[in-house]
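Have a look at the structure below before the remarks.
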Amino acid sequence: MVLLTPGPTPIHPRVQTALGKEMRGHLDPEVLATNRRIREHLGILFDPGPGALLAAMPGSGSLGMEAGLTNLADEGDAVLLLVSGTFGERMVEIAHAYQFDYKVLRSEPGHPIDPQAVAEELNHRPYKLVALVHGETSTGVLNPVEEIAELVQAHGALFMLDAVTTAGMMPLSMQKLGVDYAFTGSQKCLSAPPGLAPFALS
């Protein structure tokens with residue numbers, strides 16, 4: 001059977017076999033070597049540039065989202081949230097819970113974020129952080145990250161990208177785009193077991 005959904009996706013039999021092996025401690029040499037390999041692969045996946053922090057947090061993509069928002073912005077900071085579906089709305093919930101000074105820019109249902117609307121909002125006031133879902137699972141919308149990233153970089157804000165349904169499916173270079181933080185979920189395009197939120201912080 002071939003699943004053509006955003007995830008969870010089937011995992012390779014070799015991975016399934018490895019899941020049945022005996023548990024090892026987090027400081028076991030084999031575990032440390034595996035973590036190093038994972039970070040090397042994440043560097044290829046995200047291409048964040050030299051000196052980046054690369055890791056896989058134990059949790060879902062939503063953990064990657066919350067970790068990014070709450071470490072790149074503080075209470076009262078101006079944050080622009082670009083929303084084109086359910087997972088963009090999750091960013092709004094997090095921003096509200098952490099009492100950011102946030103503005104929501106929504107697209108019409110089933111349509112991508114309009115870069116012109118982003119440009120107008122960025123000209124309206126200064127923002128510390130701009131956050132966007134690259135591929136919105138709930139609608140299938142692919143947002144124009146290249147144009148938006150260019151606007152955010154010119155504005156001088158940090159740029160956070162939810163790449164849960166795009167990292168591993170299509171080319172993504174954080175350093176070429178000017179993305180400061182990106183994350184994904186292991187169960188999506190990576191076809192790995194669920195429960196990890198790989199991320200890169202430039």
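Residues: numbered from 1 along the sequence shown.
If you chain together hydrophobic residues whose side chains sit under 4.5 Å apart, L63 and V133 fall into the same group. Hydrophobic clustering (side-chain heavy atoms under 4.5 Å, transitive across Ile, Leu, Val, Met, Phe, Trp, Tyr) groups L72 together with V104. Placement of V118 and L161 within a single hydrophobic cluster is found when ILVMFWY residues are connected by side-chain heavy-atom separations under 4.5 Å, directly or transitively. L172 and L54 fall within a single hydrophobic cluster, where Ile, Leu, Val, Met, Phe, Trp and Tyr side chains are chained together by heavy-atom contacts under 4.5 Å. When the side chains of ILVMFWY residues are joined at heavy-atom separations under 4.5 Å, either directly or via intervening members, V92 and L80 end up in two distinct hydrophobic clusters.
A salt bridge links R125 to D101: one of the charged nitrogens lies within less than 4.0 Å of a carboxylate oxygen. By the 4.0 Å N-to-carboxylate-O rule, R106 lies close enough to E89 to be salt-bridged with it.
For the pair D77 (side chain) and D74 (backbone), a donor-acceptor distance under 3.5 Å is present. A distance-only check finds no donor-acceptor pair linking the side chain of H134 to the backbone of D162 [under 3.5 Å]. Within the 3.5 Å criterion, the main-chain N or O of G88 finds a donor-acceptor partner in the side chain of E136. Formation of a donor-acceptor pair under 3.5 Å by the T165 side chain with backbone atoms of G135 is found in this model. Under a 3.5 Å cut-off, the side chain of Y98 and the backbone N or O of A73 do not form any donor-acceptor pair.
Shortest non-hydrogen contact noted between A52 and P48 is CB-CG, 3.4 Å. Across M160 and F183, no two heavy atoms sit closer than the pair CE-CE2, 3.8 Å. Shortest non-hydrogen contact noted between Y181 and G68 is CE2-CA, 3.3 Å. Here the shortest heavy-atom pairing between F46 and A167 reads CE2-CB, 4.3 Å. Contact detail for S191 and I11: the closest heavy-atom pair is O-CG2, 3.2 Å. The minimum heavy-atom distance linking C189 with G168 is given by the pair CB-C, 4.0 Å.
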**Prompt:** Under the side-chain contact (heavy atoms from CB on, under 4.5 Å) criterion, do L190 and L45 qualify, and how do the steps go?
**Reply:** CA-CA 10 Å; L190 302 182; L45 178 69; 4.1 Å; yes
**Request:** Please lay out, stage by stage, how Y102 and H96 fare under the test side chain to side chain donor-acceptor pair (under 3.5 Å).
**Result:** CA-CA 8 Å; Y102 65 93; H96 181 75; 3.3 Å; yes
**Message:** Set out, in order, the CA-CA distance, both residues' side-chain angles and the distance that settles side-chain contact (heavy atoms from CB on, under 4.5 Å) for M169 and T166, then state yes or no.
**Reply:** CA-CA 5 Å; M169 179 189 76; T166 55; 4.3 Å; yes
**Request:** Check the pair E146, L177 against side-chain contact (heavy atoms from CB on, under 4.5 Å), reporting the backbone distance first and the verdict last.
**Result:** CA-CA 6 Å; E146 292 85 0; L177 289 171; 3.6 Å; yes
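Among pairs with a residue in residues 168-179, those fulfilling side chain to side chain donor-acceptor pair (under 3.5 Å) read D47-S173, D47-Q175, at least two apart in sequence or across chains. The salt bridge (charged side-chain N to carboxylate O under 4.0 Å, His left out) analysis of residues 29-41, with sequence neighbours excluded, yields the pairs R24-E30.
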Can you give me every donor-acceptor pair (side chain of residues 192-202, partner residue at least two apart or in another chain, under 3.5 Å) with its distance?
residue : atom : partner : partner atom : Å
S202    : OG   : D180    : O            : 3.4

Under 3.5 Å, sequence neighbours excluded: what are the donor-acceptor pairs made by side chains of residues 12-20?
residue : atom : partner : partner atom : Å
H12     : ND1  : R14     : N            : 3.0
T17     : OG1  : P13     : O            : 3.0

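A distance of 11.0 Å separates CE of M65 from OG1 of T184, quoted to the nearest 0.5 Å. Considering NE2 of H155 and CD1 of I148, their distance stands at 14.0 Å, rounded to 0.5 Å. Going from atom CZ of R90 over to atom OG of S138 covers 10.0 Å, rounded to the nearest 0.5 Å.
Residues M91 and L69 are in side-chain contact: their nearest non-hydrogen atoms beyond the backbone lie under 4.5 Å apart.
In this structure, N71 has no side chain to side chain donor-acceptor pair (under 3.5 Å) partners at least two apart in sequence or on a different chain. Not a single ring-ring contact (aromatic ring centres under 6.0 Å, His included) links F159 to another residue, sequence neighbours left out.
There is no side-chain donor-acceptor pair under 3.5 Å between S107 and D114.
Within 6.0 Å of atom NZ in K128, more than 12 heavy atoms from other residues, nucleotides or ligands are found, so the atom counts as buried in its surroundings.
Of the options L82, V145, V83, a side chain to side chain contact (heavy atoms under 4.5 Å, CB included) to I113 is made by L82 and by none of the others.
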